[in-house]
Amino acid sequence: MKIPPNTRRVLLIIAILLPLAGLFLFTAVRTGPLAPVPVTLAEVENQALTPALFGIGTVEARYRFKIGPTRTGRLATLTVDVGDAVKKGQQLGTLDPVDLDARIASQQSSLDALESHVSMARSRVAEAKAQQNYAANQLSRYRELLRSNAVLIRLAPGTDPDATADAIRRWKRLQVYTRAEMEQILIGKLIATSARQIGLFLIILAIVSAAIVAFIIYTMTMAKIREIAVLKLIGTRNRTIAAMILQQALGLGLIGFAVGKIIATAWAPYFPKYVLLVPGDTVRGFIAVLVICTLASLLAIRIALKVDPAEAIG
Amino acid sequence: MQPYGITIENLRKRYGDGPTAVEALKGVDMHVAPGEVVGLIGPSGSGKSTLLKALGAVIEPTAGRMTLGDRVIYDDGWKVRDLRALRRDLIGFVFQAPHLIPFLDITDNVALLPMLAGVSKRESRQRALALFETLDIAHRATAMPAQLSGGEQQRVAIARALVNRPPVILADEPTAPLDSERAIAVITTLNEMARRFDTAVIVVTHDEKIIPTFRRLYQIRDGRPLEQEITPHPPNSAAEPAAPR
Ligand SMILES: Nc1ncnc2c1ncn2[C@@H]1O[C@H](COP(=O)(O)OP(=O)(O)OP(=O)(O)O)[C@@H](O)[C@H]1O
Ligand SMILES: [Mg+2]
């Protein structure tokens, strides 16, 4: 069987159209407004919290007094110790007048002070490590959360949603929305995003369909160059020829519009998401179709007007 | 010489300029009387198409004079301003292929021309139907072009050429795709119509089958026509099969 060139052209157009439509559907269902929102379902568990306070401290005297002998000598006896309470006039010890011992003692006390500094620094390191652990934990948890856009929490009966939300907010530092808040967000932000996405799809669709109509009208015109030359030869005005082409383009658009409108009306109830069909949109769509078809026919009209009537002869 | 019909005097056409210029018509003189059908033959490249385009007012001759009916079209560089309207009013065209508009039925195909000239749709369709009676295709008046045979389509094309009652019909190989019986029928129809409507008809052809049917034949050679009388074949004997030459 031999396929006539006209059918071949239609087949070619369908061959271009089908993958485009498929691609459009795929993107619409996978990433577009129709895509499911990824949700992780988690049960709330009842577990005992063991409150624990962790910290490292140092004890230091509130007042420190340095006492020193007026003469150098060795400390013979010492009757008090660090931390002991002393009274005014109490004898703390006796000096053997050799200063070496005293020096040793004073070195010792500064060594003690330094050691206490070291232990303080150690405790700071430990604290920082603990903080780092906490941050790493948070990081991995947020990564997890990022991967799943949202976690849906089902409350055990009788639990107060607001209180739970508050608790999670305070303890987990997460965004928490109760059902009521979520509905607000859906209506506001989510629908606005969807509207933008759908708008983008519509613009792409409009461009694609304009290209297709232009292509069809163009090939139809190219196939009739000879007839157009004849029309010009027998005295047809350019205006009339342009009108004929425009008429064809608009006819094509009207057929497409009618088919689309009927399909939309018939299928809307079976669509996975609720489809609202407003008369205003129909009117706007109709006007868009007419504008697109008019624009699409311009190229073909330009070519038709350039045809030389002499081409009809010889 | 009859006052009307087709008259060309010293018609010249040069394509291009300078050393590459082609002198396609080198001073052609020709007259076709109203009601007469003449043939125009010649070898390839002799200038047949060029002459037909000049006669059809789609190319402008370099020099010379041309009158169609009672109108002067070209006169040594002067030309009619609105050639489009002139083609519509003075010239009927018949082509090798019928070139009918595929999405109009044959009545509308023919009625299109008077409508282009400003005649009402009703009146235009009536004129088309009257011609269909004459051409014996009235019973197919509502058919689409694709539903007709080649010979019938060519008769519709003749109706389209005649419907504005032009003083001139130019036919470009009108019988090429037809068998000899139908080819002769087409020429016979053209003869009848020419006499009935006082139309001057020029038929460009290569077609051996129909050459004997012309009473007068112009043979163009290298841009200049030589006139040949072909006898004894009056137009009304044309319906009979032509004897081989
Ligand atoms: N547009 C053009 N530009 C330049 N030369 C041309 C043009 N049209 C025709 N010619 C030349 O003019 C001469 C006559 O051409 P024309 O087409 O009139 O021949 P023809 O008799 O119709 O030939 P054929 O029987 O092959 O159709 C040829 O030499 C051709 O090459
Ligand atoms: Mg030719």
> Once the angle between the rings of B:Phe95 and B:His99 is folded into 0 to 90°, is it parallel (under 30°), tilted (30 to 60°) or perpendicular (over 60°)?
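Correct class here is perpendicular.
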
> Among side-chain atoms of B:Thr50 and B:Tyr15, is any donor-acceptor pair under 3.5 angstrom?
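Yes.
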
> Report which part of B:Pro166 has an atom under 4.5 Å of a heavy atom belonging to chain A: side chain, backbone, both, or neither.
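Neither part.
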
> Could you tell me whether the side chain of A:Thr240 and the main chain of A:Thr236 form a donor-acceptor pair under 3.5 Å?
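Not at all, since once roles are kept as given, no pair shorter than 3.5 Å links the two residues.
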
> Where does B:Ile91 contact chain A at under 4.5 Å (heavy atoms): side chain, backbone, both or neither?
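Neither part, no heavy atoms under 4.5 Å.
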
> Pick from A:Glu227, A:Arg237, A:Gln248: which one has the most heavy-atom pairs with chain B under 4.5 Å?
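The option with the most such pairs is A:Arg237.
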
> B:Arg12 side chain to B:Leu25 main-chain N or O, any donor-acceptor pair under 3.5 Å?
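No; judged by distance alone, with no hydrogens or angles, the pair does not exist.
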
> Where on B:Leu86 is there a heavy atom nearer than 4.5 Å to chain A: the side chain, the backbone, both, or neither?
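Neither; nothing under 4.5 Å.
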
> Counting only heavy atoms not in A:Gln175, do more than 12 fall under 6.0 Å of its CD?
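Incorrect, the count does not exceed 12.
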
> Between A:Ile228 and chain B, which part of the residue has a heavy atom less than 4.5 Å away: side chain, backbone, both or neither?
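Neither part.
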
> Heavy-atom cut-off 4.5 Å, strictly under: side chain, backbone, both or neither for A:Ala312 against chain B?
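For A:Ala312, backbone and side chain are both near chain B.
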
